[in-house]
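To keep things clear, I will list the structure first and then write my remarks on it.
Numbers here simply count residues along the sequence, with the first being 1.
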Amino acid sequence: MSDYLGKETGKLGFGLMRLPKLADGTTTDIEQVKKMVDLFLESGFTYFDTAFVYGTSEEDTKKALVERHPRESYTLATKLNAWMMCHDEASAKQQFYTSLERTGAGYFDYYLLHALQRSNFKMYDDYHIWDFVKELKAKGLVKHWGFSFHADPALLEEILSAHPDAEFVQLQINYADWENPGVSSRECYEIARRHGKPIIIMEPVKGGALADPIPEVQRILKEANPAASIASWAVRYAASLEGIITVLSGMSNIAQMEDNLSYMKNFSPLSENEYAVIRRAQDALNGNTDIPCTACHYCTDGCPKQIPIPEIFSTANRQRGNADFRRKREYEVITTDKGKISDCIECGQCEKACPQHIPIIRQLKQCAEIFEC
């Protein structure tokens, strides 16, 4: 078991996908990010995660981290996405060199083939990306390489069997998706372990959904430990698993950083009593009908009508948990200058891009009954 990977990083990784914004809502609040980076490093953690397709994240990483701290003081991960923002083998491979220039990091400690799923995994073979990352490692431009995965256990088994030299795998694991057939966190985790692969965990808080879950789950967790944040249960659940390199948390402000550091700096795995609490929370979630959207926004990049799908789903989920939520007013806000549900032409590109395999078109129609009736 290659569990030596990650011993220098700490159990908590800083996901740079959901960085804080200035008042205009589009520009990253770099000064706040700098403070978050400093707090993270001062607490003994080193793993920073970005990606070529994460907007300005790689450039922000350069400003907040790379230009301000010695290269040996942190570990940096980024990703190559062969099915978004490229059109052939050359443009896919160019992503690496663009990422290198954007970050100014010199090399990447962890380099990932990004978001493999049934609709795109063959592109990584067609574009010879597996061989490409091995060449990058041989040149010293990448220290460790692996892939992130959003599909069914059978495909994970197929990929790991075909590429046994992959050094690690990044999986979506959280207590809500542990037995969720649409994600199959447990089965995928067990397959990766059986193949001897250490694991990076993404979406431990399910895109923020487990930081603000349905009221019944909040009640269960607060009764068990009033002092603990709701999010801490989800992060600690993921970090308590064996064979973990790190658990990524997409922190969006200093308060979230401080909360995560408060319980991860001196990490304590869940006790048996705490696991029992989590099982009660899982039972409550299983009785709920929320849309399992993680707000990755892959669905919106190619939407011809620019419909803010994740924001609509988030609003619908919160309405289901709180009958007093002023849903129509928020819907009007999130669709200002963007497409509405009724604008959908059912082209299906969103469903092809969705890592959670959500039947987006059907769910949008159901949301229309809430917001556009």
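Closest approach of Ala92 and Ile129 over heavy atoms only: CB-CD1, 4.2 Å. Heavy atoms only, all atoms of each residue included: Ala239 and Met264 are closest at CB-CE, 3.8 Å.
In this structure the side chain of Leu221 never reaches within 4.5 angstrom of the side chain of Glu274, judged on heavy atoms. Side-chain contact check for Val33 versus Pro20: some heavy-atom pair is nearer than 4.5 Å. With a 4.5 Å cut-off on side-chain heavy atoms, Glu167 and Lys197 do not count as touching. The shortest distance between side-chain heavy atoms of Met84 and Tyr298 falls below 4.5 Å. Counting heavy atoms from C-beta outward, Leu65 and Asp60 have side chains that stay 4.5 Å or more apart. Side chains of Gln172 and Lys206 form a contact here, defined as non-hydrogen atoms less than 4.5 Å apart.
Sparse packing is recorded around NZ of Lys35, with 12 or fewer heavy atoms of other residues, nucleotides or ligands lying under 6.0 Å away. Other residues, nucleotides and ligands contribute at most 12 non-hydrogen atoms within 6.0 Å of the NZ atom of Lys352. Atom NZ of Lys63 has 12 or fewer heavy atoms from other residues, nucleotides or ligands within 6.0 Å. Counting heavy atoms of neighbouring residues, nucleotides and ligands inside a 6.0 Å radius, atom NZ of Lys21 exceeds 12 of them. Within a 6.0 Å radius of CG in Asp24, other residues, nucleotides and ligands contribute more than 12 heavy atoms. Within a 6.0 Å radius of NZ in Lys265, no more than 12 heavy atoms belonging to other residues, nucleotides or ligands are found. The local environment of CD in Glu101 is sparse, with at most 12 non-hydrogen atoms from other residues, nucleotides or ligands closer than 6.0 Å.
If you run side-chain contact (heavy atoms from CB on, under 4.5 Å) between Gln170 and each of Asp49, Ile201, Thr246, Leu113, only Asp49 comes through. Checking Gln95, Glu58, His114 one by one against Thr78, the side chain to side chain donor-acceptor pair (under 3.5 Å) holds for a single residue, Glu58.
Thr294 OG1 to Phe313 CZ: the interatomic distance, rounded to the nearest 0.5 Å, is 11.5 Å. His128 NE2 to Asp131 CG: the interatomic distance, rounded to the nearest 0.5 Å, is 7.0 Å. Taken from OG in Ser252 to CG in Asp29, the straight-line distance is 11.5 Å, to the nearest 0.5 Å. Atom-to-atom distance recorded for Ile334:CD1 and Ser314:OG is 8.0 Å, nearest 0.5 angstrom. Note that CG of Leu12 is 12.0 Å distant from OH of Tyr47, once rounded to the nearest 0.5 Å. One finds the CD atom of Glu372 at 10.5 Å from the CD atom of Glu332 (value rounded to the nearest 0.5 Å).
A distance-only check finds no donor-acceptor pair linking the side chain of Gln117 to the backbone of Ala151 [under 3.5 Å]. At distances below 3.5 Å, at least one donor-acceptor pair connects side-chain atoms of His357 with backbone N or O atoms of His150. Checked by atom type and distance alone, the side chain of Gln366 never pairs as donor or acceptor with a backbone atom of Gln363 at under 3.5 Å. With hydrogens and angles ignored, the 3.5 Å screen pairs no side-chain donor or acceptor of Asp259 with any backbone N or O of Ser232. Panel note: side chain Thr300, backbone Pro308; no donor-acceptor pair is recorded below 3.5 Å. Looking only at distances, no side-chain donor or acceptor of Arg280 sits under 3.5 Å from a matching main-chain atom of Ile220. Put simply, the side chain of Ser73 gets close to the backbone of Pro70: a donor and an acceptor are under 3.5 Å apart. At least one donor-acceptor pair under 3.5 Å links the side chain of Gln32 to the backbone N or O of Ile254.
Counting only N and O atoms by type, the side chains of Asp212 and Gln218 include a donor and acceptor under 3.5 Å apart. One side chain, Lys340 or Thr335, offers a donor N or O that lies under 3.5 Å from an acceptor on the other. There is a side-chain donor-acceptor pair under 3.5 Å between Asn81 and Trp83. Side-chain atoms of Asn260 and Tyr263 include a donor-acceptor pair closer than 3.5 Å. Checked by atom type, the side-chain pair Asp38/His69 shows a donor-acceptor distance below 3.5 Å. Residues Thr46 and Thr75 have side chains that bring a donor and an acceptor to within less than 3.5 angstrom of each other. Using modelled atom types, one finds a donor on one side chain and an acceptor on the other under 3.5 Å when comparing His195 with Glu157.
Note on Leu210 and Tyr275: same hydrophobic cluster, where clusters join Ile, Leu, Val, Met, Phe, Trp and Tyr whose side-chain heavy atoms are under 4.5 Å apart, directly or indirectly. In the hydrophobic clustering of ILVMFWY residues, with side-chain heavy atoms under 4.5 Å counting as a link, Tyr107 and Ile245 come out apart. Linking Ile, Leu, Val, Met, Phe, Trp and Tyr whenever their side-chain heavy atoms come within less than 4.5 Å puts Met85 and Met17 in one cluster. Criterion: ILVMFWY side-chain heavy atoms under 4.5 Å apart, direct or through other members. Under it, Phe147 and Val183 are not part of a common hydrophobic cluster.
Lys139 has no carboxylate O lying under 4.0 Å from a charged side-chain N of Glu135, or vice versa, which leaves the two without a salt bridge. Between Lys62 and Glu59, none of the side-chain N atoms (NZ, or NE/NH1/NH2) sits under 4.0 Å from a carboxylate O, so this pair counts as no salt bridge. The pair Glu346-Lys365 counts as a salt bridge, with a side-chain nitrogen and a carboxylate oxygen less than 4.0 angstrom apart. Comment: Lys338 does not engage Glu311 in a salt bridge, judged by the lack of any side-chain N to carboxylate O separation of less than 4.0 angstrom.
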- Residue pair Ile358, Cys293: steps toward the side chain to side chain contact (heavy atoms under 4.5 Å, CB included) verdict: CA-CA 8 Å; Ile358 298 170; Cys293 175; 4.0 Å; yes
- Can you check side chain to side chain contact (heavy atoms under 4.5 Å, CB included) on Phe267 and Val235, steps first, answer last? CA-CA 10 Å; Phe267 172 69; Val235 176; over 6 Å; no
- Message: I'd like to know whether Glu190 forms a salt bridge (Lys or Arg N to Asp or Glu O under 4.0 Å) with Arg193, so could you lay out the CA-CA distance, the side-chain angles of the two residues, the decisive distance to 0.1 Å, and finally the verdict.
- Response: CA-CA 5 Å; Glu190 291 173 352; Arg193 293 294 287 166; over 6 Å; no
- Message: Could you walk me through whether Met251 and Arg18 satisfy the side chain to side chain contact (heavy atoms under 4.5 Å, CB included) test, starting with their C-alpha distance in whole Å, then the side-chain angles of each, then the deciding distance to 0.1 Å, before giving a yes or no?
- Response: CA-CA 6 Å; Met251 294 169 274; Arg18 299 179 175 92; over 6 Å; no
- side chain to side chain contact (heavy atoms under 4.5 Å, CB included) between Tyr111 and Leu80, worked out: CA-CA 8 Å; Tyr111 197 61; Leu80 185 158; 3.2 Å; yes
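Separation of the Phe149 and Phe121 ring centroids does not fall under the 6.0 Å cut-off. Taking the six-membered ring where the residue is Trp, the centroids of Phe108 and Phe96 are separated by under 6.0 Å.
Between Phe14 and Phe48, the ring planes are tilted. Angles from 30° to 60° get that label.
A cation-pi arrangement, defined by a distance under 6.0 Å to the six-membered ring centre and an angle within 45 degrees of its axis, is present between Arg102 and Phe52. Note that Arg194 lies outside the cation-pi zone of Tyr189, set by a 6.0 Å cut-off to the ring centre and a 45° limit from the axis.
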